[in-house]
Amino acid sequence: MEILEGLNEEQKKAVLHFSSPLLVLAGAGSGKTRVITHKIMYLVEKLSIPVDRILAITFTNKAASEMKERVIDALDLKEEPVWITTFHSLSAKILRIEAEHIGYNRDFVIYDEEDSKKAIKDVIKELNVDGEIYKPEKIKNVISQIKQNLDESVLDFYAFTLPHLPKIYEKYNEHLVFSNAMDFDDLLLNVVRLFRENPDILKKWQDKFDYILVDEYQDTNLVQHEILKLIVGNRDCITVVGDPQQCIYTWRGANPENILEFENDFPDTKIIKLERNYRSTEKILYVANKVIKGAKGRWKEKILKLWTDKKGGEDIHLVILETDKRESEFIGKRIKSLVEHGYNFSDFSVLIRMSYLSRNIEEAFIKHNIPYQVIGGVKFYERAEIKDILSYLRFALQPKDTQAFKRIINLPPRGIGEKTFQKIHSFFETDWIQALNDAYENLPKKVQIRVQEFLELVEYIRRHGNEKPSETAKYIVDVIGYESYLEDKYKDWEDRIANVHELFNALKEVEKSGRTFLEFLEESSLSQAQDNIQDSNTVKIMTVHAAKGLEFPVVFIAGLEDGIFPSGRAFEDIEQMEEERRLFYVAITRAKEKVFMSYARKRASFSGYLNETKPSRFLKEIKEDIKILSDKKPISKKEPVKSDTFSVGGIKKGQLVKHKAFGKGVVISINGNKATVLFENVGQKTIMKDFLETV
DNA sequence: CACAATTGAGTTTTT
DNA sequence: CTCAATTGTG
């Protein structure tokens with residue numbers, strides 16, 4: 001039985017258990033993904049279940065594709081096992097097939113966070129309710145809560161403070177339906193609706209799968225749980241793997257206690273615990289265990305105590321610096337010296353609580369020539385310039401898409417503002433192309449010409465977009481003069497144009513791989529931070545959330561200050577503070593060999609002012625168990641508080657500059673690393689950017 | 001009525 | 001500093 005080779009006793013039990021639903025409580029680094037992968041192999045090899053009759057759900061796309069690869073290799077498969085996937089992709093797949101049954105068209109679009117917020121904002125405006133009280137952000141969260149918990153009673157809870165909420169909720173959902181769009185929550189919720197309202201369809205999907213496995217179960221929410229319950233039905237064919245102490249998505253509807261509910265919903269559940277850790281040293285686990293021991297809550301009885309036979313290990317260090325800049329310097333220098341002692345850059349990860357903290361660290365890495373990659377932050381497909389172009393394609397292929405239409409109808413400016421849009425809106429019946437056509441006669445002559453051009457462009461995209469998205473995107477950029485539009489509007493237009501070109505490349509890949517544009521669009525809207533991790537020899541900078549499921553030989557945890565880690569927003573809420581604790585636990589348990597924690601006594605705010613900080617409250621609980629180094633060198637007057645590394649490279653059009661020989665001038669244009677400057681005294685010269693200083 | 005220029009507010013985590 | 005919202009201007 002080679003499949004079971006190399007598994008420990010508990011892992012073997014988990015792979016071999018089929019007589020009832022199985023809950024595997026698996027601590028960090030205890031080989032839970034291994035269990036799932038091996039169980040899939042066992043099902044296929046020993047129980048002769050075809051791989052496409054197994055549904056395996058992971059938390060990230062990256063985990064899914066890694067699992068796919070392992071299964072393909074082990075079973076020598078010819079085709080990709082498509083049902084190794086994430087909840088959101090699974091739901092999208094089901095809904096593409098069954099859309100008609102819930103009043104949608106099968107080429108529905110997926111609204112991202114921005115689209116949803118804008119839609120809510122539109123609704124709030126339309127209903128003419130007080131925008132001060134009804135903030136889109138807040139409303140979006142409440143609506144999300146309703147959808148994630150399948151619980152409209154949330155509306156009652158806000159009946160007093162937000163009396164118009166039910167109306168907003170209703171209108172927003174109507175907006176989504178007539179736009180043939182779903183938000184992230186709908187993707188899951190609509191599957192539940194579909195299954196509940198159509199027993200025959202549910203039966204079909206139940207029959208499709210013989211076994212279901214779910215990873216990272218602690219971070220599933222109620223809708224996801226409900227989807228599982230429906231697909232499993234009254235069968236035993238389910239294994240879930242999770243760790244309540246690693247639950248870090250309660251703000252997305254997850255709950256460490258959900259894992260306890262599993263036993264109630266799936267009778268005769270067998271529980272197996274995996275507590276042997278294969279990742280970290282004993283010292284790291286000691287500190288991690290101590291951090292999580294402070295946790296409260298009902299799930300505490302299920303707490304896992306990790307152990308290892310990797311005795312000893314190196315001390316965890318806490319390094320205290322005077323300023324945030326020095327903290328970044330410390331991280332950079334320490335990485336450099338460890339690299340000199342044989343480490344690769346890819347052995348390191350810098351973990352942070354908030355993505356903006358990466359700025360400082362990036363600057364230090366640039367200065368010290370440390371290759372790095374930032375995971376997460378502003379995502380490629382959320383960038384304005386990318387969404388602009390994609391919205392043209394989106395709209396042409398799905399003219400009901402309201403947010404795409406609103407985004408592009410006046411981009412570039414066509415003289416269509418709020419009032420004209422309202423006029424077009426009043427003609428809306430089936431979609432926005434129809435609305436435009438019907439409103440046409442009532443528009444000013446000037447606008448008519450532009451609308452005509454717009455409609456012709458859209459028609460062109462409609463005919464070619466799905467077949468040749470890359471060329472079509474180029475065509476759009478040319479026809480609307482998008483590059484010069486960017487040049488006029490943004491200081492960093494060069495980067496933005498480069499991004500647009502990057503999009504062309506991505507679309508070319510789509511053509512090559514034979515996928516349709518709509519498939520690509522779905523992938524891009526469901527893409528995650530981790531998907532972009534390169535296998536290159538670089539230091540990875542990321543938030544703790546983005547580090548879920550990953551491991552590194554050396555981990556830096558930066559910014560351990562009260563208000564940052566734990567987040568200031570968690571101060572008044574015990575539950576949220578508990579989540580911060582689990583987050584800290586997750587951060588520590590990413591490390592195999594070394595952990596460097598750090599914080600700065602003073603941290604610069606965005607305006608450049610140095611604020612005093614307080615050390616993270618979690619540090620108190622472990623201070624006896626870690627080695628503390630404190631650098632108290634006073635801050636010299638000359639030491640820059642805010643970095644200047646970015647502005648050195650930041651020679652932009654219109655920028656006032658100084659040159660050692662030519663004196664002062666203004667930048668007229670930039671070409672690669674050369675800039676053309678009009679100088680006060682010597683006139684126009686073209687010189688290397690490196691020789692210019694900003695004024 | 002659309003658009004440019006100016007002021008003002010403000011940093012969780014993300015499918 | 002960087003974005004969104006608001007105010008003036010053509």
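Note that these values count all heavy atoms, side chains included, but never hydrogens, waters or copies made by symmetry. Keep in mind that this is a model prediction, so the values were computed, not measured. Letters go in sequence order (proteins before strands), and every chain restarts at 1.
Here the CG-CG distance, from Asp243(A) to Asp215(A), works out to 11.0 Å after rounding to the nearest 0.5 Å.
Residue-level contact check: Asn410(A) touches the backbone only, with heavy atoms under 4.0 Å from sugar-phosphate atoms and none from bases. Lys121(A) comes within contact range of the sugar-phosphate backbone alone, with a heavy-atom separation under 4.0 Å but no base atom that close.
In summary, the side chains of Asn190(A) and Arg193(A) do present a donor paired with an acceptor at a separation below 3.5 Å, with no hydrogens or angles considered. Using a 3.5 Å distance cut-off with no hydrogens or angles, the side chains of Tyr172(A) and Asp183(A) do pair a donor with an acceptor.
The only option from Leu188(A), Leu187(A), Asn221(A), Leu526(A) that meets the side chain to side chain contact (heavy atoms under 4.5 Å, CB included) definition with Phe87(A) turns out to be Leu188(A).
Going from atom OH of Tyr609(A) over to atom C1' of dC1(C) covers 18 Å, rounded to whole Å. The interatomic distance linking Arg414(A) (CZ) with dC1(B) (C1') rounds to 18 Å, in whole Å.
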Per-nucleotide protein contact string for nucleotides 7-15 of chain B (B base, S sugar-phosphate only, - none; heavy atom under 4.0 Å):
---BBBBBB

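Both cation-pi conditions hold for Lys548(A) and Phe59(A): the charged atom is under 6.0 angstrom from the six-membered ring centre and inside a 45 degree cone around its axis. Taking the ring centre of Phe405(A) as origin, the terminal cationic atom of Arg394(A) falls outside the region bounded by 6.0 Å and 45° from the ring axis.
Spacing of C1' atoms, dA5(C) relative to dT12(B), comes out at 23 Å, to the nearest Å.
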